[in-house]
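Since the structure comes first, as structure tokens, the remarks are kept for the end.
Hydrogens, waters and symmetry mates play no part in the numbers below; they use all other heavy atoms, side chains included. Just so you know, residue 1 is the first one in the sequence shown, and it goes up from there.
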Amino acid sequence: LQRGRRLRVLRGHTGVVRCLQYSRAHDLIISGSWDHDIRLWRFSTEIEEESSPADCIATLSGHEHWVSWMQQRGTILISSSGDKTVKVWDLAQQKCVRTFLTHHTDAVRCVAFEDDVMVTASFDQTIKIWRHTE
């Protein structure tokens with residue numbers, strides 16, 4: 001393997017970082033953590049200096065347990081958590097716009113979605129299929 005060159009170190013979470021999304025097109029890194037928060041980080045590969053607190057442009061709070069999974073589609077972010085919920089975030093408004101109570105008995109580990117169908121998988125050893133409507 002060739003050695004890479006570190007461009008930045010982003011600090012700010014107070015718990016283990018569990019999941020990441022990276023959008024080079026938007027110069028954005030999204031991180032989810034055991035501290036229950038999702039953070040949005042402005043990042044450009046053109047900048048080669050160490051991080052400062054200003055790198056974190058927003059903190060999305062709302063999960064009551066660790067963030068286990070995230071997926072970004074445009075300005076929408078879907079996240080799941082140890083609190084057994086799935087949340088839909090509007091990144092432009094930087095707020096939660098919908099919470100799904102999944103009725104899992106343990107943490108929601110990951111989610112797949114397409115159009116109006118959402119599939120959740122949990123540490124409770126089940127997969128649940130949902131049809132969601134506005």
Side-chain angles (χ1 to χ4, degrees):
L1 294 176
Q2 292 182 341
R3 292 184 58 127
R5 183 170 46 111
R6 182 180 73 196
L7 297 178
R8 298 288 286 270
V9 175
L10 304 175
R11 290 177 176 43
H13 279 293
T14 58
V16 173
V17 176
R18 294 266 309 155
C19 47
L20 289 170
Q21 290 284 296
Y22 171 53
S23 172
R24 189 173 197 156
H26 297 102
D27 289 333
L28 188 67
I29 294 173
I30 306 170
S31 57
S33 172
W34 279 6
D35 63 12
H36 310 181
D37 290 336
I38 296 169
R39 289 184 181 249
L40 309 180
W41 308 86
R42 184 65 55 209
F43 175 76
S44 172
T45 56
E46 304 303 314
I47 301 171
E48 297 188 22
E49 60 192 49
E50 288 296 322
S51 70
S52 67
D55 290 327
C56 180
I57 59 172
T59 300
L60 306 179
S61 299
H63 279 297
E64 296 177 10
H65 213 289
W66 47 273
V67 179
S68 58
W69 173 93
M70 299 177 309
Q71 185 174 349
Q72 177 190 3
R73 287 196 182 167
T75 62
I76 297 297
L77 180 75
I78 310 291
S79 64
S80 65
S81 171
D83 64 11
K84 307 171 194 165
T85 66
V86 173
K87 291 190 180 288
V88 179
W89 305 87
D90 182 318
L91 296 177
Q93 296 181 40
Q94 299 178 357
K95 69 177 188 176
C96 179
V97 294
R98 185 144 187 207
T99 299
F100 293 93
L101 303 175
T102 63
H103 304 287
H104 281 289
T105 59
D106 205 341
V108 178
R109 177 60 189 103
C110 56
V111 180
F113 59 96
E114 187 72 35
D115 298 324
D116 65 342
V117 175
M118 179 173 69
V119 182
T120 57
S122 170
F123 285 120
D124 67 9
Q125 303 173 357
T126 65
I127 298 169
K128 296 186 178 186
I129 303 167
W130 309 86
R131 182 172 305 280
H132 60 87
T133 58
E134 291 300 318

(request) Determine yes or no for a side-chain-to-main-chain donor-acceptor pair under 3.5 angstrom, with T102 supplying the side chain and K84 the backbone. (result) yes
(message) I need the minimum non-hydrogen distance between A107 and G82, along with the two atoms involved.
(response) CB-CA, 3.4 Å
(request) Determine, using the 4.5 Å side-chain heavy-atom cutoff (strictly less than), whether I76 and M118 are members of one ILVMFWY cluster. (result) yes
(message) Given 3.5 Å as the limit, does a donor-acceptor pair link the side chain of R42 with the main chain of H26, or not?
(response) yes
(message) Applying side-chain hydrogen bond (donor to acceptor under 3.5 Å, both in side chains) to D37 and T59, what does each step give before you reach the verdict?
(response) CA-CA 7 Å; D37 290 336; T59 300; 5.5 Å; no
(message) Run the side chain to side chain contact (heavy atoms under 4.5 Å, CB included) test against V17 and tell me which residues pass, sequence neighbours left out.
(response) H13, L20, S31
(message) Taking W69's backbone N and O only, do any of them form a donor-acceptor pair with S79's side chain (distance below 3.5 Å, no angle check)?
(response) no
(message) Does K95, at its NZ atom, have more than 12 non-hydrogen atoms belonging to other residues, nucleotides or ligands within less than 6.0 Å?
(response) no
(message) Between R131 and D116, does any side-chain N to carboxylate O distance fall below 4.0 Å?
(response) yes
(request) List the steps, then state whether side chain to side chain contact (heavy atoms under 4.5 Å, CB included) holds for V86 with I78. (result) CA-CA 7 Å; V86 173; I78 310 291; 3.7 Å; yes
(request) Please indicate whether Q94 has more than 12 foreign heavy atoms, meaning atoms of other residues, nucleotides or ligands, lying under 6.0 Å from its CD. (result) yes
(request) Classify the angle between the aromatic ring planes of H65 and H36 as parallel (below 30°), tilted (30 to 60°) or perpendicular (above 60°). (result) parallel
